[in-house]
Each structure stands twice: as C-alpha cells, then as structure tokens.
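Note on naming: letters A, B, ... go to the chains in the order of the sequence lines (proteins, then strands), and numbering restarts at 1 for each one.
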Number of protein chains: 2
Amino acid sequence: MAKKVIPEAERRRRRPTRRGTVLSEQLIVRTALRMLREHGSSGLTARRLGAALGADPSTLYRYFAGLDELTRAIGEELMGRALDDWTATGEWRADLRALGLAVHASYLAHPQAAVLTASRVTGRPREIAVDETILGILRGAGFGDADAVGIYHAFIDLALAFAALDAGALAIKDEAREADEDMWTSTYARLPAETHPHIAATAHLLVHRMNLSAYPVVLDTLLTSAEARLAATATATATAPQAV
Amino acid sequence: MAKKVIPEAERRRRRPTRRGTVLSEQLIVRTALRMLREHGSSGLTARRLGAALGADPSTLYRYFAGLDELTRAIGEELMGRALDDWTATGEWRADLRALGLAVHASYLAHPQAAVLTASRVTGRPREIAVDETILGILRGAGFGDADAVGIYHAFIDLALAFAALDAGALAIKDEAREADEDMWTSTYARLPAETHPHIAATAHLLVHRMNLSAYPVVLDTLLTSAEARLAATATATATAPQAV
DNA sequence: CTGTTAAGGTCTACGGCGTTGGCATAAGGG
DNA sequence: CCCTTATGCCAACGCCGTAGACCTTAACAG
C-alpha cells in the first residue's frame with residue numbers, strides 16, 4: 001500500500017487507470033457524491049467507487065488515507081459550495097440569514113452525503129473560510145468579540161445540526177420508499193384521542209408541519225435575539241461610553 | 001432464519017442461551033449500550049453483541065429484524081430515560097426547558113449511541129409519549145393549536161439536532177484521543193492574522209466556547225420568543241375576544 | 001534520445017461484517 | 001407425558017475496508 005498520501009498540490013505524474021480515466025481528488029469526490037445519491041448513504045464503498053472510476057479500489061488510498069478522510073473531503077466540498085452560492089450585501093442580518101440558508105441548502109442538496117458529514121468538523125480550508133466569514137460579518141456589524149463568538153457558535157452549530165437532522169429525514173425518504181412511507185401519517189395521525197389527546201387534536205397540523213424544516217423559524221428567532229442584543233449594547237454604550 | 005420477529009409482549013418460552021443467559025429485548029438493548037460506550041459508535045456489531053450476550057449472532061434476529069431495528073430500539077430507550085428523568089411542575093416554560101435539557105442530556109450520556117440514533121424518528125411508544133407531553137404543555141399553557149404545533153416542531157427538532165451534533169463531537173473526542181485531539185486548539189487557534197483576522201482576533205474566546213454546547217442558549221431564545229408570542233396573543237384576545 | 005527513479009497504478013489476500021436457511025432441542029399447553 | 005413450535009445454534013454467502021507486494025510508465029537529468 002501507499003507509504004503516504006501525497007497532497008493534491010504536489011502531484012506530478014498523473015497516470016491514467018487501466019480504463020483510461022485520469023484521477024484527481026476532485027474527480028473522486030464528485031464521483032462519490034454521485035454514488036451517494038444513487039446508492040444511498042451506506043452505498044459508498046471503496047470497491048464501488050473504484051468501479052465507478054474505472055480504478056482498483058486500493059488506488060483510492062493513494063488519494064485519501066481511508067474512507068474517513070474521503071468523507072471529510074466530501075463535507076468540505078459541500079461547505080465550499082454553500083460559500084460559492086452566497087454573496088454579501090453588507091447588511092449583517094440579511095447576510096447571515098442567507099449564509100445559514102445556503103449552508104443548509106447545500107447539505108440538503110445531497111442528503112445522503114450530508115448524513116455522513118454534517119456532524120463532523122473537518123478543519124479544512126473552505127470550512128474555515130465559512131467560519132471566518134461569519135465572524136467577520138458579526139464583528140463588522142458592531143458586536144463585541146464575546147457576543148460575536150457566542151452568536152457565531154450558536155449560528156454555525158444550528159446550521160450544521162439542522163442540516164444533519166433534515167438531511168437524515170430526506171435521505172430516509174429517498175432510500176426507503178417502501179416500509180417507512182411517512183411516519184407522521186402512518187403512525188402519529190392514527191393515535192386514538194383517549195391515549196394521546198394532544199397529538200390527536202393537532203394531527204392535521206402536525207402532518208403538514210413535520211414535513212417541513214424547522215430551521216428557518218429557529219434561525220430567525222436566533223437572529224432576532226441577536227439584533228435585540230446589538231441594540232441594547234449600542235444604547236448602553238451611548239449612555240455610558242466609558243464602560244467596557 | 002426466523003420467519004418473523006415475535007413481539008416482546010408475546011414471548012412465552014425463554015430458553016437460556018448455551019452460556020446460560022436468558023435473553024430479552026431489554027437485556028439486548030442495554031448490552032448494546034454498554035458495547036457502544038466501550039467500543040465506539042462503529043463498534044456495535046452483531047457478532048460482538050452476540051459474544052457479549054453469550055449467544056450466537058443470528059439469535060439477535062429473533063428479537064430484531066436487523067441491526068437497524070435494534071438501533072431504533074436504542075434510541076427509544078434513550079428517549080424513555082429522558083422522560084423518566086423529568087418531572088412536571090406546571091410552569092410551562094420551566095417544564096419545557098427542563099424537558100429539552102433532559103433529552104439532550106440523556107443522549108449525551110451515551111454519545112456513541114446518540115450518534116447512531118439521534119437523527120432518526122423511531123415512532124415507538126416512549127418517543128410518542130415525549131411528543132404528547134410537549135404538545136400537552138404547550139396547549140395547557142394557552143397556545144393555540146397552530147402555534148403549539150409550530151413551537152413543538154422547533155422544540156423537538158432543536159433538541160434532537162443538537163443532541164446529534166454535540167454527541168458527535170463528544171464521541172469523536174472519546175474515540176480518537178490520538179490524531180484528532182482538539183480541532184479548535186490544534187487548527188483554528190493557529191491561523192495567522194493576515195489570512196484569517198477574525199478567527200485570530202477571537203481565538204482565545206473560541207477555544208473555550210466551542211467546547212461547550214450552544215444548545216442551552218438557543219433553547220432559551222426559542223422559549224423567550226414563544227413567551228413573547230403567547231403574551232401578544234393573550235393581549236390580542238383580551239382586546240378583541242370575538243376574534244378567532 | 002536514453003536511462004533512472006519513484007509515483008501511481010494493479011493484484012492478491014486477510015479478517016470481519018450482516019444476514020440467511022436449515023436444524024436441534026426443550027418449554028410449556030393439552 | 002406428549003406434541004408443537006418457539007427459540008437457540010451452526011454453517012455459509014457475498015459483501016466490506018484496507019494492507020503489502022508488485023508492475024509500469026511519466027518525468028526528468030544527462
């Protein structure tokens with residue numbers, strides 16, 4: 001096996017595989033994304049990916065130390081796409097909202113991949129770029145460092161957590177068209193009022209609501225609360241500018 | 001193989017295993033929880049679980065249709081424990097807060113198990129009981145059905161999403177004591193100010209903050225927003241009681 | 001243009017996995 | 001006490017990740 005994985009930037013010799021394809025990290029990651037979509041979140045295997053690329057499975061280990069590292073690269077790709085899809089306007093609240101939704105949407109565009117990656121911090125460049133951007137927006141808006149960090153933390157974790165949760169729900173629906181159907185209509189909507197009065201009374205509302213994501217609502221409450229905090233701080237500073 | 005899995009309630013003949021243990025769903029689930037803690041979130045295998053129980057791996061299929069169903073039973077167990085740890089006081093906001101934290105804590109008590117289960121709806125009895133409880137608290141507090149359902153949705157998804165996210169972080173720390181160490185001190189805290197000014201400026205705050213959960217903060221913003229909505233609705237109703 | 005070197009492919013193999021079907025046996029109702 | 005059948009065990013299938021040895025050819029020096 002490979003002594004060590006050579007970073008993409010330092011690759012010199014690109015030998016085509018037996019079947020003629022020339023490999024690269026990008027090609028592998030994109031093929032992996034396609035396979036996840038086609039075969040479900042547990043359908044990404046070294047052998048299958050190798051076959052799809054026309055390469056021996058073990059070749060992948062020249063590019064990634066293991067499937068785990070490949071998984072992190074996939075997450076990085078999704079995070080990068082979110083950032084690409086986003087443009088700053090200078091209005092902090094609108095920008096944060098758009099960025100949060102972009103991250104969420106980017107993951108949901110590949111639910112099977114998101115399931116594998118959304119709850120992992122990769123520490124790779126494009127993920128760091130997102131973090132830097134968020135902190136920049138907050139500090140630029142006038143938040144103090146402590147507030148900025150607190151809001152940043154809530155913001156990014158909220159986006160990732162909901163990305164993972166919603167992607168999981170989506171992936172299950174995509175994969176198990178049979179059997180699972182829809183838990184809310186099949187199970188919850190049929191509970192008798194005697195044993196579960198509250199669910200029974202609101203079943204008609206639940207069935208609709210639970211098929212949407214709660215993310216936008218929660219995101220907005222977070223941003224509203226941040227806005228209030230900013231206003232309060234500004235007033236306090238204006239009143240007593242000598243305070244820290 | 002078994003024609004069909006027989007529900008726990010209908011089991012009559014409890015034949016001991018070759019090594020003397022008498023199986024039950026509960027024993028299997030609890031042993032699985034222990035194995036997850038000891039061997040990490042990917043360390044739960046039919047063979048290992050069988051060995052730990054002193055039974056043949058295939059015996060498990062008499063109790064669960066597959067590892068997937070066992071996983072759902074584990075999630076159900078965690079959700080049930082959360083409900084057991086919680087007691088109602090009648091004050092809706094405090095009750096919801098306590099219940100949310102109980103769910104979060106119950107999952108974080110078994111991070112490796114939580115990783116596998118937190119983003120899955122099981123549709124099993126004790127999970128349904130939690131849902132019924134939440135809706136009951138909200139409707140009892142005076143929220144209209146539409147509001148109650150909206151808040152319920154945000155509340156439960158928030159709890160589960162953060163349980164999954166925080167458990168993932170915890171599980172990685174438990175499992176990969178080597179190699180990963182702490183992404184925040186190892187990677188982020190060392191970024192140069194030229195390329196990442198905002199991260200560099202706040203690194204000292206980030207390192208502390210990112211090792212905590214953002215859940216309590218976000219939960220409180222959600223509850224505050226709900227409280228405001230309830231007050232607004234009450235006023236509107238008092239002013240114009242004839243309104244729907 | 002040729003020779004050398006090692007990057008980057010392929011091949012083979014190992015141990016472990018989930019799951020299945022067939023079989024043996026003993027629990028418990030009659 | 002007998003019969004039925006639930007429930008356990010065994011053996012086997014086709015996957016999996018990945019390690020190590022090996023081969024081939026791209027890239028560069030001369």
[X] vs [N]: side-chain N/O to OP1/OP2 distance below 4.0 Å:
X: A:Arg18; N: C:dC11; value: yes
X: A:Arg11; N: C:dG8; value: yes
X: B:Ser58; N: C:dT20; value: no
X: A:Thr59; N: C:dG9; value: no

Gap between atoms [atom1] and [atom2], on [X] and [N] respectively (whole Å):
X: B:Leu116; N: C:dG18; atom1: CG; atom2: P; answer: 12 Å
X: B:Asp56; N: C:dT19; atom1: CG; atom2: P; answer: 14 Å
X: B:Ile6; N: D:dT4; atom1: CD1; atom2: C1'; answer: 13 Å
X: A:Leu70; N: D:dT18; atom1: CG; atom2: P; answer: 10 Å
X: B:Glu8; N: D:dT7; atom1: CD; atom2: C1'; answer: 13 Å
X: A:Arg62; N: C:dC11; atom1: CZ; atom2: P; answer: 14 Å
X: A:Tyr61; N: D:dA21; atom1: OH; atom2: P; answer: 17 Å
X: A:Phe64; N: D:dG17; atom1: CZ; atom2: P; answer: 15 Å

- Evaluate the side-chain proximity of B:Leu222 to A:Leu222: yes if any heavy-atom separation is below 4.5 Å, no if none is. no
- Task: Applying side chain to side chain donor-acceptor pair (under 3.5 Å), name anything that partners B:Glu8, two or more places apart in sequence or on another chain.
- Result: B:Arg14
- Who passes side chain to side chain donor-acceptor pair (under 3.5 Å) against A:His153, sequence neighbours left out? A:Asp157
- Inter-residue atom distance B:Ile28.CD1 - B:Met35.CE, 0.5 Å rounding: 12.5 Å
- So which nucleotide from D:dT18, C:dG9, C:dT19 ends up closest to the side chain of B:Leu67? C:dT19
- Note on the structure: Taken in chain and number order and not counting sequence neighbours, the residues that satisfy ring pair (Phe, Tyr, Trp, His ring centres under 6.0 Å) with A:His104 are A:Tyr215
- Would you mind classifying the nucleic acid contact of A:Thr17 as base, sugar-phosphate or nothing, using non-hydrogen atoms under 4.0 angstrom? sugar-phosphate
- Message: If only side-chain N and O atoms count, and only distance matters, is there a donor-acceptor pair under 3.5 Å linking B:Thr21 with B:Thr17?
- Response: no
- In plain terms, say whether A:Arg126 and A:Asp84 are close enough for a salt bridge, that is, a side-chain N and a carboxylate O under 4.0 Å apart. yes
- Query: Are the charged groups of A:Arg72 and A:Asp68 less than 4.0 angstrom apart, N to O?
  - Reply: yes
- Query: Which residues within residues 34-54 of chain A lie with some heavy atom under 4.0 Å of an atom in DNA chain D?
  - Reply: A:Leu44, A:Thr45, A:Ala46, A:Arg47
- Does NZ or CZ of B:Arg81 fall inside the cone over B:Tyr107's six-membered ring, less than 6.0 Å from its centre and within 45° of the axis? no
- Query: Which residue lies toward the 5' end of DNA chain C, A:Tyr63 or B:Asp68, if each is placed at its nearest nucleotide?
  - Reply: A:Tyr63
Would you be so kind as to tabulate the donor-acceptor pairs closer than 3.5 Å made by side chains of residues 44-56 of chain A, with sequence neighbours excluded?
| residue | atom | partner | partner atom | Å |
| --- | --- | --- | --- | --- |
| A:Thr45 | OG1 | A:Arg48 | N | 3.0 |
| A:Arg48 | NE | A:Gly43 | O | 3.1 |
| A:Arg48 | NH2 | A:Gly43 | O | 3.4 |
| A:Asp56 | OD1 | A:Ser58 | N | 2.9 |
| A:Asp56 | OD1 | A:Ser58 | OG | 2.6 |

- What string of B, S and - do you get for nucleotides 25-30 of chain C 5' to 3' if you count protein non-hydrogen atoms under 4.0 Å? BBBS--
